[in-house]
There are 2 protein chains.
Amino acid sequence: MATIAVENYLKHVLLLSEGADDLVPMGELAAALDVVPGTATTMVKALAAEGLVSHRPRYGVRLTAEGRRVALGVLRRHRLIETFLVEVLKMDWTEVHAEAELLEHAISDAVLDRLDALLGHPATDPHGDPIPTRQGKLDSQVYATLATCVLAKPLRIVRITEQSGEFLQFAEERGLRPGASVRVADRNLAAGLLTLKMSGARTVAVSLAAAGSILVAPAD
Amino acid sequence: MATIAVENYLKHVLLLSEGADDLVPMGELAAALDVVPGTATTMVKALAAEGLVSHRPRYGVRLTAEGRRVALGVLRRHRLIETFLVEVLKMDWTEVHAEAELLEHAISDAVLDRLDALLGHPATDPHGDPIPTRQGKLDSQVYATLATCVLAKPLRIVRITEQSGEFLQFAEERGLRPGASVRVADRNLAAGLLTLKMSGARTVAVSLAAAGSILVAPAD
DNA sequence: GGATTTATTTTGACTAATCAAAATAGCGCC
DNA sequence: GGCGCTATTTTGATTAGTCAAAATAAATCC
Ligand SMILES: [Mn+2]
Ligand SMILES: [Mn+2]
Ligand SMILES: [Mn+2]
Ligand SMILES: [Mn+2]
C-alpha cells in the first residue's frame, strides 16, 4: 500500500508536471512538499525503485504509468472531497483545500463512489479544478488566464489554480470565483497591474501574478 | 499533535476500560491494537512520559484526564463518522466500522461540527454506541445483555458492542439490530445456547458469547 | 516456600521519513 | 577552458513505530 507520504509525493509530481510534461525539478518538488531537497532526492530514489517514478539524477522526476495511476486516484479523492465539503457541508470554498489534504489519504473507494454519486458525478471541484474520472481520465483543456487573455471582451472565470486560503479569500472578496463574469479593462505589464470590470460595473485591481492563476473562457 | 498511533492507543485504552475502570492489562491492549506486547509496553511508556496515561508496570495502564480528553475526541469522531456513513451515504451499518477507523484521524473539528449539525446532533451511532458530546461527556448507562436479562419479557435491542463485520452481518441477517424487539425464550448455560423470539414470531438461535454483546432494555 | 507457568518488559534490530551540512555536478560566464 | 554559482545528491544522524527473542517478575501450584 502507498503510504501518506508516497501519495503526497506522487500527487505533487503530477500537479507540477501539468502542462509542461517535462521533468519536475527536485527543488520544485521539495518546495511543494515543504521538505529539504535532500529529503526529496532520497524519497524519489525510493519511489523509482518501486517503479512509481523515473528519476533522471540532477535533472528531475517524472511519473511512470503506474505512478500516474496512483496520483490520479489521490487527486480524484482530493477534489471530490472538496466538492463534498462545499456542496453538502456548506463549507467555504476558500478553506476546504487544507481539509482535503488530509482526508484524501483516509477515504476508501467504497465511500468515494457513494460521495461521487451523491454529488451527481461532478466534473470540476469548487475551484474549477477538473476531477479525474474513476478510469483515470483527467481533463487537460488549456485556458487563457487573466494575464494572457484578450482585453475588453466579456469572459467567464472557469478555474482558480492557486490554492492558498489567503489568496482565495482575496479573490472571493472581489467576486473572483468560478462562474463569475469579468472583463479586463486594462493591463499594464510594466506596473504589473490589471484593472478588471466585474458584473455590475464593479472595478477590481489585481496583480499580474494573481491574474496568472485565474483561468477564463469567452462568455457565450 | 497526537499521531495516528497515539490516538489509536488512547482510544483503545478508553474502550477496554469501559465498565471496569480498573487498569487495562498490556496483553489486552496489545491484542486490541494488533501489535506484540513489547510494542505496547514501549508505546505506553512514551504515552506516560507525555502525561496521557499512567502506567503501573506489570499491572496495566489507565488514562489520565488529558488522555481521556483526547480519547473521547477520537471516539466522538469515530461514531459521528459511522453515523454519517449510514445516514447520509446509505452505507451498510455492518461495514462502516473499518471505514471510520481511518477517517477518525483525518477529520478536523470544523468538518466534524458540520457533520454533527447535518445529522441533528445524534446521541448514538448505528450500532447504538453512545456518541461523546463535544464537551467530552460519554453516556455510561448500564444495560442488561441477552446473556443476563430476564426471560420471556419483551425487550428492545439498544446496542451491539461487537464491531467485527462478520458478527454484525450474522446479527443483521437475524434481525438483531438496534431498535429491534426481542424476547429470550430459552437460555441454556450448559449448552451455551439461547433461543430468541423476534417480532413476527421469528425464532433465532444465538451463542451465549454472541448474546453477551447485545444490550437490551425493557420494551416500554 | 520453592518450582513452574504466564504476562510483561527489555534488548537489539529494522523501516519509513525526515533534517543539517558537506560533497558534487552542471551551467553560464569571462 | 577553467571558475564560480546553484541545484542536487550524499552522508550521518534523528524520531516514531514496530517485531523477535531473551530476561524478568508475578501468580499459581504442589
Ligand atoms: Mn495530502
Ligand atoms: Mn481544488
Ligand atoms: Mn483508528
Ligand atoms: Mn459503532
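Chain identifiers are assigned alphabetically (A, B, ...) following the order of the sequence lines, protein sequences preceding nucleic acid strands; residue numbering begins at 1 within each chain.
- Contacts of A:Gly38 with the nucleic acid, taken as non-hydrogen atoms under 4.0 Å apart, include base atoms.
- Per the geometry, CZ belonging to B:Arg56 stands 14 Å off C1' belonging to C:dA7, to the nearest Å.
- Here C:dT8 presents its P atom at 11 Å from OH of B:Tyr59, a figure rounded to the nearest Å.
- Each of C:dA20, C:dA25, C:dT18 was ranked by its minimum atom distance to the side chain of A:Arg58; first place goes to C:dA25.
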Q: Evaluate the criterion salt bridge (Lys or Arg N to Asp or Glu O under 4.0 Å) for residue pair A:Lys90 and A:Glu95; output intermediate values, then yes/no.
A: CA-CA 11 Å; A:Lys90 308 299 180 196; A:Glu95 63 176 10; over 6 Å; no

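- Under a 4.0 Å N-O distance rule, the pair A:Arg79/A:Glu82 does not qualify as a salt bridge.
- In 5' to 3' order, the nucleotides of DNA chain D bounding all contacts with chain B (an atom under 4.0 Å from a heavy atom) are D:dG17 to D:dA27.
- In the set C:dT18, C:dT24, C:dG26, the nucleotide with an atom closest to the side chain of A:Thr42 is C:dT18.
- Atoms CG (A:Asp34) and C1' (C:dT18) sit 12 Å apart, rounded to a whole Å.
- To the nearest angstrom, C1' of C:dG26 lies 15 Å from CE of A:Met26.
- Applying the side chain to side chain contact (heavy atoms under 4.5 Å, CB included) test between B:Val6 and each of B:Val74, B:Val70, B:Leu47 identifies B:Leu47 as the sole match.
- Taking atom NE2 on A:His12 and atom P on C:dA17, their separation rounds to 16 Å, with Å as the unit.
- Each of A:Asp116, A:Asp109, A:Asp113 was compared with A:Arg134 under the salt bridge (Lys or Arg N to Asp or Glu O under 4.0 Å) criterion, and only A:Asp113 meets it.
- Side chain to side chain, B:Glu99 and A:Ser108 meet the donor-acceptor criterion of an N or O pair below 3.5 Å.
- In this structure a side-chain-to-backbone donor-acceptor pair under 3.5 Å is present from B:Thr42 to B:Gly38.
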